[in-house]
2 protein chains.
Amino acid sequence: MYSAVMSMSTPERLIEATRELLWERGYVGTSPKAVQQAAGAGQGSMYHHFAGKQELALAAIRRTADELGAAAETVLGGEGSAYARIEAYLLRERDVLRGCPVGRLTMDPEVIADPALRAPVDEALGLLRARLAGVVQEGLDRGEFSGALDPEEIAATVVATVQGGYVLARATGSRAPFDSAVRGLLALLGPRAAVAATPTAL
Amino acid sequence: MYSAVMSMSTPERLIEATRELLWERGYVGTSPKAVQQAAGAGQGSMYHHFAGKQELALAAIRRTADELGAAAETVLGGEGSAYARIEAYLLRERDVLRGCPVGRLTMDPEVIADPALRAPVDEALGLLRARLAGVVQEGLDRGEFSGALDPEEIAATVVATVQGGYVLARATGSRAPFDSAVRGLLALLGPRAAVAATPTAL
DNA sequence: GTCTATAGGCCGATAGAC
DNA sequence: GTCTATCGGCCTATAGAC
């Protein structure tokens, strides 16, 4: 991990340092100087590779957004019933107290005010919802869930529960409320569905 | 509204201005200077009434947290079935694109790092969850919901859906995903419960 | 209570030498 | 590519006059 960082090119180190700082402190709370120190790069070096704070943040946000999509696809494109895949998404390993590196940006006034910075955030969360809606639709087609459910609504509820779970966990300083929220959602989504799907999947 | 602001004492105006700025820009993004300008108060005046940024923010956060509790109680302490009250909480009027003034602070590194600033946030969200859990328990006692549900988990899911709904709405720039998430949750919580409770409530 | 003055340091960026 | 120097302005206070 650290050796990987040390062997990176300067632009790479700058982007990775920016990703970390954006995650922890947001755009408003991240200064070029802090990025340079974290990346071990000088002032002139940073401005040689990137036009400024915004351009650097854009590169960092794009990468983080792409990673979110890839991670979601790994879990949602896996084996099993629709319920099982949604469960896998919800129970996936997470650094709960750090929150979501993409969702976090949504609370930053300067990210929201800048269309270029907001675009990757919007897209990543939109794709995630669409992908989840597809899985819910599959489950509906297979009769896993009650027929009254709207796939896009359930997808929004699933993503919102995760994003809001981070809020509750950070408020408390413990991941417990996140886990509660997820278990509550699974209980509402689940029992009958899981059983119904078993014959086909397992 | 504005006349009310203008007739307020200087400390009051400072607190209200801080509340607005904290909501929009967070603690990290809010400067004493910006507060002074928004409140129409001078530098010396602000530091006469408050020791500094942290003390001012503490007063503002406490008030916002208290308001959250009062607003929740208004809706959750009302008439109707448990389902109806949770529905009322979820459908309550909200400035969705502005997000939650309390939940927002959870993404601020300096609020989370400062126990004094975090405490009111933690307490407000904790009380909200407890209050909702009580309502769910009532619903369970009256047979409104499926017996398998855990009140604290469902309460966490409800609050998380709202908090996460804000994230989705702000990412998109539209309240639509918030409404979807809420409708999805109501669909999961609901139909049978709503019908079962109707005889008593309506 | 409110004002102005002052402080040392960071903010985000630009310029130009090496 | 990376460095140092420099910029005007804001950050968060503090000091002391009025």
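Lettering of chains follows the sequences in order, A, B, ..., and the numbering in each one begins at 1. Keep in mind it's a predicted model, so treat the numbers as computed, not measured.
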Would you mind reporting whether Leu140(A) and Gln137(A) have side-chain heavy atoms less than 4.5 Å apart?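 A side-chain contact exists here, since the closest heavy-atom pair is under 4.5 Å.
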Report yes if some heavy atom in the side chain of Val111(A) is under 4.5 Å from a heavy atom in the side chain of Thr106(A); otherwise report no.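 They are not in contact (no side-chain heavy atoms under 4.5 Å apart), so the answer is no.
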Test Arg85(A) against every option in Glu138(A), Glu144(A), Glu79(A) by the salt bridge (charged side-chain N to carboxylate O under 4.0 Å, His left out) rule and name the one that passes.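 Filter result, single survivor: Glu138(A).
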Glu20(B) and salt bridge (charged side-chain N to carboxylate O under 4.0 Å, His left out): which partner among Arg13(B), Arg98(B), Arg63(B), Arg25(B)?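 Single pass found, and it is Arg98(B).
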CD (Glu87(B)) with more than 12 external heavy atoms under 6.0 Å: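 Above 12, so yes.
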Distance-only side-chain donor-acceptor flag, Gln163(B) / Gln163(A), under 3.5 Å: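 Gln163(B) vs Gln163(A): no donor-acceptor pair found between side chains.
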Tell me every residue that passes ring-ring contact (aromatic ring centres under 6.0 Å, His included) with Phe178(A), counting only those two or more places apart in sequence or in another chain.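 Partners of Phe178(A) by the ring-ring contact (aromatic ring centres under 6.0 Å, His included) criterion, ordered by chain and then number, come out as Tyr166(A).
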List the steps and the verdict of salt bridge (Lys or Arg N to Asp or Glu O under 4.0 Å) for Asp66(B) and Arg62(B). CA-CA 6 Å; Asp66(B) 287 348; Arg62(B) 283 208 180 110; over 6 Å; no
Segment of DNA chain C, first to last nucleotide, that comes within the 4.0 Å heavy-atom reach of chain B: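 Span of nucleotides near chain B: dG1(C) to dT4(C).
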Answer with base, sugar-phosphate or nothing: what part of the nucleic acid does Gly42(B) contact at a heavy-atom distance below 4.0 Å?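 Sugar-phosphate contact only.
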Counting primed atoms plus P, OP1 and OP2 as sugar-phosphate and everything else as base, spell out the protein contacts along nucleotides 6-13 of chain D at 4.0 Å heavy-atom distance: B, S or - for each nucleotide, 5' to 3'. ----SSSB
